[in-house]
Amino acid sequence: MKPLFKNYKTLKATLDKAQKILLLLDYDGTLTPIVAHPDLAVLHPSMKAVLKKIAKKDKIILGIVSGRSLKDVYNKLKLTSKGIFYAGNHGLEMKTGSKIVVSPMVRPHLKTIRKLEKLASKLTKNIPGAWVEDKNLTLSVHYRQCKEKDAKILEKSFNKLIKPWLKKIRLTTGKMVWEIRPPVKWNKGEAVKWLIEQYSNRYTPLPIYIGDDRTDEDAFEALPDWGVGIYVGQNNKSAAKYKLKSVPEVKKFLQLLSKI
Ligand SMILES: [Mg+2]
């Protein structure tokens, strides 16, 4: 990975050459800092302002790709400018304009997800700081507010609970969170590929993807060679081409983008 601002000249040349840019952004940890509870991850007005500006640009197609439910991520941003699209649950549900698309792949698995919601909630109820976020098509079991000792207890009982279900679901781990998803081959990478394809008969946009977490690595890997992956954070290993250190640096980059 190259530090983005030190290499901005090269990147700027690529941006200038592009006919259209497909700008795909993760939400938590990318547009807002990671906070104690996902409800507290409020978009800063200055970040919202720059996103609004970008959404108005003809050259840029703006999309938000989040692990949150579609409803949740939409309500967090409330950017209604037409042309912005939202992908929730890692792209299993998408919204462009007023059209909402839910992947038919997930429907047969919803019963299992509902059952596990009940079981996991029973478990977290007894552990201070742990909770289950019900995202309808998927579940997140959070433990970022747990004391270390409680997190260990939770991990043990959660592993026990989930073991018999592992053939029926897909389990992934993020920052102090387990994600329970339907066992379909779908991730942010599949979502990104699908989105790029939606435009391919009209033009070939330059895809840019910005994200901070493990699930974003799928998206970086799904980008074509000429795509631009930008990792946000302190890691040194990522499939992204460029690196930004923090959410304020993301904002700085978006401000530059809003002026091209
Ligand atoms: Mg994130």
Side-chain angles (χ1 to χ4, degrees), residues 20-32 38-39 41-43 47-48 51-52 54-58 60-117 132-142 168-170 172 174 177 179-203 205 207-211 213 215-216 218-219 222-223:
K20 281 261 186 197
I21 293 169
L22 178 61
L23 177 63
L24 302 173
L25 307 172
D26 167 52
Y27 183 76
D28 295 271
T30 299
L31 297 179
T32 62
D39 288 350
V42 177
L43 195 64
M47 189 64 102
K48 194 165 178 167
L51 289 173
K52 266 190 184 162
I54 286 177
K56 279 191 198 134
K57 291 187 82 73
D58 274 346
I60 305 179
I61 308 156
L62 178 60
I64 312 293
V65 182
S66 172
R68 287 176 183 258
S69 74
L70 180 63
K71 196 172 140 201
D72 189 12
V73 70
Y74 180 76
N75 285 335
K76 279 271 170 297
L77 282 129
K78 285 232 170 74
L79 284 171
T80 49
S81 324
K82 67 170 188 215
I84 300 186
F85 62 81
Y86 295 86
N89 273 312
H90 305 100
L92 286 173
E93 14 172 31
M94 304 231 196
K95 177 180 163 71
T96 47
S98 56
K99 208 172 101 190
I100 293 179
V101 187
V102 174
S103 163
M105 288 192 290
V106 297
R107 284 181 211 139
H109 304 287
L110 291 180
K111 230 171 143 181
T112 307
I113 299 289
R114 300 277 45 95
K115 174 90 185 152
L116 279 170
E117 195 273 322
V132 177
E133 185 187 352
D134 186 355
K135 301 192 288 185
N136 192 28
L137 310 185
T138 63
L139 306 169
S140 295
V141 182
H142 293 276
K168 287 189 164 182
I169 55 123
R170 201 153 73 84
T172 60
V177 63
E179 310 242 24
I180 299 170
R181 308 195 215 167
V184 293
K185 192 186 174 274
W186 193 265
N187 54 38
K188 284 184 169 182
E190 301 297 323
V192 164
K193 276 191 261 180
W194 186 83
L195 286 164
I196 293 173
E197 225 185 278
Q198 299 313 299
Y199 297 97
S200 62
N201 53 358
R202 276 177 278 170
Y203 35 68
I208 302 180
Y209 186 95
I210 313 183
D213 210 344
T215 58
D216 299 305
D218 296 323
L223 292 173

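- The closest side-chain donor-acceptor pair between Asn89 and Thr138 falls under 3.5 angstrom.
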Self-check item: From CA spacing to verdict: side-chain contact (heavy atoms from CB on, under 4.5 Å), Glu93, Leu137
Solution: CA-CA 9 Å; Glu93 14 172 31; Leu137 310 185; 3.6 Å; yes
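- Closest approach of Ala191 and Gly91 over heavy atoms only: CB-CA, 3.9 Å.
- Shown are Leu31, Leu23, Leu70; of these, the side chain to side chain contact (heavy atoms under 4.5 Å, CB included) with Ile64 is made only by Leu31.
- In terms of modelled atom types and a separation under 3.5 Å, the side chain of Ser103 and the main chain of Met105 share a donor-acceptor contact.
- In this structure, the separation between CG on Leu92 and OG on Ser69 is 12.0 Å, given to the nearest 0.5 Å.
- Using a 4.5 Å heavy-atom cutoff, the side chains of Val184 and His109 are in contact.
- Side-chain contact between Leu22 and Ile196 is present, with heavy atoms from C-beta onward closer than 4.5 Å.
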Exercise. In sequence, state the C-alpha distance, the side-chain angles, and the governing distance for Asp72 and Lys135, and then conclude on salt bridge (charged side-chain N to carboxylate O under 4.0 Å, His left out).
Key: CA-CA 8 Å; Asp72 189 12; Lys135 301 192 288 185; over 6 Å; no
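- A cation-pi contact links Lys95 to Tyr74, judged by a cut-off of 6.0 Å to the six-membered ring centre and 45° from its axis.
- In this structure, Ala222 and Gly189 approach most closely via the heavy-atom pair CB-O, 3.3 Å.
- Taken to the nearest 0.5 Å, the CG atom of Asp218 stands 9.0 Å off from the NZ atom of Lys188.
- The number of heavy-atom neighbours closer than 6.0 Å to NZ of Lys20, taken from other residues, nucleotides and ligands shown, is above 12.
- Within the 4.5 Å cutoff, no side-chain heavy atoms of Val42 are placed close to those of Lys76.
- A 6.0 Å sphere centred on CG of Asp58 holds no more than 12 heavy atoms belonging to other residues, nucleotides or ligands.
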Quiz item: Could you go step by step and tell me if Ile180 and Val141 meet the side-chain contact (heavy atoms from CB on, under 4.5 Å) rule?
Solution: CA-CA 8 Å; Ile180 299 170; Val141 182; 4.2 Å; yes
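- Rounded to the nearest 0.5 angstrom, Ile60 CD1 and Ile84 CD1 are separated by 11.5 Å.
- Gly211 and Thr30 get closest at one heavy-atom pair: CA-OG1, 3.4 Å.
- Side-chain contact between Leu24 and Ile208: absent, with no pair of heavy atoms (C-beta onward) separated by less than 4.5 Å.
- Using a 4.5 Å heavy-atom cutoff, the side chains of Lys48 and Leu77 are not in contact.
- Here the side chains of Met94 and Tyr86 are not in contact, with every heavy-atom distance at 4.5 Å or above.
- Scanning both residues, Leu62 and Ala55, for their nearest heavy atoms gives CD2-CB, 4.2 Å.
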Quiz item: side-chain contact (heavy atoms from CB on, under 4.5 Å) between Leu116 and Lys168: does it pass, once the steps are laid out?
Solution: CA-CA 11 Å; Leu116 279 170; Lys168 287 189 164 182; over 6 Å; no
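- Between Arg68 and Pro38 there is a side-chain heavy-atom pair separated by less than 4.5 Å.
- For the atom pair CG (Asp28) and CG (Asp213), the distance works out to 9.0 Å, reported to the nearest 0.5 Å.
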Practice problem: Determine, stepwise, if the pair Tyr27 / Val65 fulfils side-chain contact (heavy atoms from CB on, under 4.5 Å). | Solution: CA-CA 7 Å; Tyr27 183 76; Val65 182; over 6 Å; no
Quiz prompt | Verdict with supporting geometry, Asp134 and Arg114, salt bridge (charged side-chain N to carboxylate O under 4.0 Å, His left out) | solution = CA-CA 9 Å; Asp134 186 355; Arg114 300 277 45 95; 2.6 Å; yes
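- Atoms CG and CE, on Leu25 and Met47 in that order, are 8.5 Å from each other to the nearest 0.5 Å.
- Here the straight-line distance linking atom CZ of Arg170 with atom CD of Glu179 works out to 10.0 Å at 0.5 Å rounding.
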